[in-house]
Amino acid sequence: MHSEPLNKSIHKPTLILYRRLIDSLLKGSERTVLLKKNIVLSVMLKGINIIIVLLMVPMVIGYVNTTQYGIWLTLSSIIGWFYMCDMGLGMGLRNRFAESKARGDTLMARRYVSTTYAAVTVAVAVLLAILLPLNYFIDWTSVLNLPGEYRLILSHTFIIMIICFGINMVAQTFNYMTSGDQRPAISMLISVADQAIVLIGIYLLTRITPAGEGSLPHLAVLSCAIPPCILIMVSAILYRGRYRWASPSLSLARLSLVKDILGMGAKFFAITLSTIMVFQLTNVIISRELGPESVTEYNIAFKYFNVLWLVFGIVLNPFWSAFTDAYTLGNYGWMRSTLRMLERCALCMIPVTGVMLMLAPMAYRLWIGDSVTVSTSSNIAVAGYVSLLTIANVYLFPLNGIGKVTLQMCIYITSALIAFPVMSWMCRHYGIPGLLAFPSAVYLILAFTGALQSRRIITRSASGIWNR
């Protein structure tokens with residue numbers, strides 16, 4: 001007879017907490033409320049995505065083997081280099097779209113979207129026209145320092161990956177648009193859906209294929225074809241519904257707007273190209289200097305510690321376009337308080353990284369068993385690298401949002417000019433920790449200069465390169 005009052009007393013604190021959370025979520029300016037909603041949804045979706053990725057790693061290793069998994073990761077890195085071929089159009093669209101919407105000019109926003117789709121399609125067509133014939137003359141086994149038996153397999157795998165990449169590059173314009181609309185959770189939801197389908201597909205492959213005897217071309221078809229197909233279908237639906245006002249049309253594409261988008265996008269292109277030379281060469285250098293097995297070791301450690309950046313990155317991502325909106329409207333007070341909050345959040349990640357470092361050996365055993373061994377020195381190096389990456393991006397994302405990227409562009413370009421010989425030499429003599437010392441130093445410099453530049457801009461005392 002007393003159960004009903006007891007249940008009410010138990011659930012009352014929970015109900016109060018729930019209401020407070022909802023009130024907190026809906027409190028603040030329109031920009032802040034939109035940010036909170038997207039961050040909460042993105043965190044939930046990213047959590048699911050992280051679980052999927054972690055489950056996928058041992059499945060892929062079991063489907064192929066440790067050596068071929070290292071080869072797969074290296075080829076994926078090489079394909080990633082070609083993202084520079086959008087010449088910064090995607091990043092430029094993100095900022096221009098946010099600016100146009102902040103001013104209420106939806107027609108111009110739609111023109112930017114249409115022009116970006118057209119320009120990226122042309123860039124991809126040119127890229128494929130060059131790379132597909134060229135692939136038959138490239139000996140990938142020599143490039144990656146691998147046995148000759150892999151030559152035909154690598155050639156076929158590259159063709160599949162580069163075609164799917166080209167289609168995905170055009171489709172990704174939709175994600176840049178939704179990010180410019182301060183709704184990155186939409187692209188996150190699409191990513192979760194396609195990764196879940198890929199995971200199911202890989203699981204089915206492991207059930208019909210003997211362990212370690214999987215096919216890299218089959219893996220490429222499954223992993224690379226599904227994401228663009230899902231993205232195209234979802235974007236087509238949303239362009240007929242929620243985003244009808246921003247739907248692309250060839251008649252709205254303007255050649256004159258390409259220069260406007262690239263005015264900012266050209267700097268992002270230079271940054272992207274430089275980051276490829278500094279950060280995306282890692283797998284290739286490790287493969288050449290230490291072998292594909294070491295690529296697997298590095299990537300296991302990176303995927304583990306990178307969970308921190310993935311979580312923090314989804315919190316940070318909506319602030320890019322939010323800072324675009326705030327800067328366009330001259331809301332410096334909001335920018336100041338928000339940056340302080342992001343700094344505190346980043347600092348909280350450091351002790352979490354320390355805990356992850358101590359638990360790493362146990363986590364690896366539970367995750368992938370004994371199939372891969374990761375050294376303590378590699379764990380420490382990757383943990384430090386990811387921590388510096390996280391701290392630096394606290395300042396780089398807002399600066400990217402307001403278009404003040406000249407200083408970081410100069411740092412990236414300078415680093416890129418010396419990256420390959422320095423990283424190769426350090427990898428050859430000091431292994432994975434030696435290689436990671438260089439990109440870690442780059443992020444340390446970017447964090448320091450980014451903090452100074454952000455404060456100067458917010459206090460309106462920036463001049464010269466600090467304000468460009």
Side-chain angles (χ1 to χ4, degrees), residues 38 41-42 44-53 56 76 79-94 96-98 109-110 112-125 127-128 159-202 219-250 253 261 265 268 272 310 313-314 317-318 320-321:
N38 270 268
L41 185 56
S42 295
M44 294 168 59
L45 293 171
K46 195 64 176 185
I48 298 171
N49 202 30
I50 289 171
I51 293 171
I52 292 173
V53 170
M56 198 179 295
S76 299
I79 294 296
W81 298 353
F82 298 111
Y83 269 110
M84 67 181 181
C85 293
D86 86 333
M87 299 171 290
L89 286 165
M91 296 294 191
L93 168 66
R94 179 175 182 172
R96 295 302 186 208
F97 187 90
R110 190 180 179 193
Y112 279 130
V113 172
S114 303
T115 302
T116 303
Y117 268 106
V120 173
T121 300
V122 172
V124 167
L127 176 69
L128 294 181
I159 291 174
I160 296 167
M161 293 177 76
I162 197 63
I163 291 175
C164 293
F165 161 81
I167 298 171
N168 193 57
M169 192 166 150
V170 177
Q172 282 287 336
T173 303
F174 176 78
N175 286 340
Y176 285 116
M177 185 272 292
T178 56
S179 294
D181 194 34
Q182 301 184 50
R183 300 179 190 275
I186 294 176
S187 60
M188 185 64 63
L189 179 59
I190 297 171
S191 176
V192 169
D194 65 51
Q195 289 303 300
I197 295 172
V198 171
L199 178 67
I200 294 170
I202 292 175
L219 181 62
V221 170
L222 185 64
S223 300
C224 301
I226 289 176
C229 289
I230 298 295
L231 181 53
I232 290 170
M233 286 190 293
V234 173
S235 59
I237 293 170
L238 290 178
Y239 277 137
R240 290 175 177 269
R242 182 188 189 100
Y243 283 108
R244 179 180 289 274
W245 62 272
S247 60
S249 171
L250 188 59
I261 299 171
F268 286 125
T272 301
L310 292 176
I314 59 176
N317 189 38
W320 178 313
S321 296

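All values below come from the heavy atoms of this structure, side chains included, with hydrogens, waters and symmetry mates left out.
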Query raised in the report: Measuring from Ile186:CD1 to Asp181:CG, what's the distance to the nearest 0.5 Å?
Result: 7.0 Å
Query raised in the report: Looking at side-chain heavy atoms only, is the closest gap between Arg244 and Arg110 below 4.5 Å?
Result: no
Query - Audit row: Arg242, Arg183, side chain to side chain contact (heavy atoms under 4.5 Å, CB included) steps and yes/no - result: CA-CA 12 Å; Arg242 182 188 189 100; Arg183 300 179 190 275; 3.1 Å; yes
Report summary line: Taking every heavy atom of Ala185 against every heavy atom of Leu45, the minimum-distance pair comes out as O-CD1, 3.5 Å
**Report entry** Non-hydrogen atoms of Met177 and Val113 that approach each other most closely
**Finding:** CG-CG2, 3.7 Å
Query raised in the report: Under 3.5 Å, is there a donor-acceptor pair between the side chain of Thr173 and the main chain of Val170?
Result: yes
Query - Distance, nearest 0.5 Å, that separates CG of Asp194 from CD1 of Ile226 - result: 8.0 Å
Query - Shortest non-hydrogen contact between Met169 and Val120, atoms and distance - result: O-CG1, 3.8 Å
Query raised in the report: Do Val124 and Phe165 come within less than 4.5 Å of each other through their side chains, counting heavy atoms only?
Result: no
Query raised in the report: Under a 4.5 Å cut-off applied to non-hydrogen side-chain atoms, are Leu93 and Tyr117 in contact?
Result: no
Requested in this report: Specify the closest pair of heavy atoms between Ile197 and Ile230, including all atoms of both residues, with the distance to one decimal.
Outcome: CD1-CD1, 3.7 Å
**Report entry** Shortest non-hydrogen contact between Ile202 and Met56, atoms and distance
**Finding:** CD1-CG, 3.6 Å
Query raised in the report: Just how far is it from atom CD1 of Ile51 to atom CG of Leu199, taken to the nearest 0.5 Å?
Result: 11.0 Å
Query - Close aromatic pair by centroid cut-off 6.0 Å: Tyr239 and Phe174 - result: yes
Report summary line: OG of Ser191 to CG of Asn49, rounded to nearest 0.5 Å, is 4.0 Å
Requested in this report: Supply the atom-to-atom distance Gln182 CD to Arg94 CZ, rounded to the nearest 0.5 angstrom.
Outcome: 9.5 Å
Requested in this report: Determine whether Ile167 and Ile232 make a side-chain contact, defined as any pair of heavy atoms from C-beta on separated by less than 4.5 Å.
Outcome: yes
Query raised in the report: Ser114 side chain to Ser249 main-chain N or O, any donor-acceptor pair under 3.5 Å?
Result: yes
Query raised in the report: How long is the gap from CD1 on Ile190 to CE on Met233, to the nearest 0.5 Å?
Result: 10.5 Å
**Report entry** Closest non-hydrogen atom pair, Asn168 against Leu231
**Finding:** OD1-CD2, 4.2 Å
Report task. Determine whether the aromatic ring centres of Trp245 and Phe97 lie less than 6.0 Å apart. Result -> yes
Query raised in the report: Is the backbone N or O of Asn175 less than 3.5 Å from a side-chain atom of Thr178, with the two atoms forming a donor-acceptor pair by type?
Result: yes
Query raised in the report: Less than 4.5 Å apart, any side-chain heavy atom of Arg240 and any of Ser247?
Result: no
